[in-house]
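Worksheet: one structure, shown below.
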Amino acid sequence: MIVSFLLIVPVTLCAPEKHHKKAQTYEVEENHNVTVEWCFSSRVDVSVASLKIHCLLTPELKVFYHLDQSVKEPQHQQFSGRVHCDVDALGAGRVRLHLSRARTEDSGQYLCRMSTGFGRKVNEFWLNVTAAADRLKPVLPPPQPSGRHRIFLCLCLVLPVAAVVVLVSRLCCSSDSP
Ligand SMILES: *[C@@H]1O[C@H](CO)[C@@H](O)[C@H](O)[C@H]1NC(C)=O
Ligand SMILES: *[C@@H]1O[C@H](CO)[C@@H](O)[C@H](O)[C@H]1NC(C)=O
């Protein structure tokens, strides 16, 4: 009884879904962090070295995350420096990716292909990044030119005009004179 209980526990903790369930949707406000997570293996002895993960944002097929010791594939610059994979979770059969400072253009459908020594798996999820609510943004008054700035602005406008007037009048005078 106890033995069977112990045997069942790791499987129930991380059982890849047998049936195709509805793709998970993650909602996040822009500039916030979001963690996407799914289970790809019920094994607790996953070799991270032989693991391959390839995640794309569709339909443009931008590389969101790529893990493959044999093939280097550059991550799309949109995600550069913003995706962090939890390696400890990988060893326990879970993919856990942290995306920081979410942008509205990160929204869309993501497809991830995984390959372990034991088989392949595809996972799909949606990310919905909502624009930061306008009401939360501080409403700043338009900058008012201070007195000193106004004088500076006046000088900037008046001096060149005055210089041109002086120059033109001098030129006129010199051409008039015999
Ligand atoms: C978001 O993630 C970044 C980098 O992982 C971290 O420095 C920052 O503290 C996180 N922000 C929040 C609100 O959790
Ligand atoms: C994304 O969020 C917005 C606002 O909450 C909602 O109207 C829209 O239906 C969501 N889209 C998806 C694909 O979940």
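Both counts, for ligands and for their atoms, begin at 1 and track the order of listing.
Side-chain N or O atoms of Gln24 include none that pairs as donor or acceptor with a backbone N or O of Trp38 at under 3.5 Å.
In this structure, atom 7 (O) of ligand 1 has no protein heavy-atom contact shorter than 4.0 Å. Checking atom 2 (O) of ligand 1 against the protein gives a heavy-atom contact under 4.0 Å.
The aromatic ring centres of Tyr65 and Phe79 sit 6.0 Å or more apart.
Met114 is listed as a side-chain neighbour of Asn123, based on a closest heavy-atom distance under 4.5 Å.
Considering backbone and side-chain atoms together, Ser100 places no N or O closer than 3.5 Å to any N or O of ligand 1.
The closest heavy-atom contact to atom 14 (O) of ligand 1, among the options Asn33, Asn31, Val83, comes from Asn33.
Between Phe64 and Tyr110, the ring planes lie perpendicular to each other; the angle is over 60°, past the 30° to 60° tilted range.
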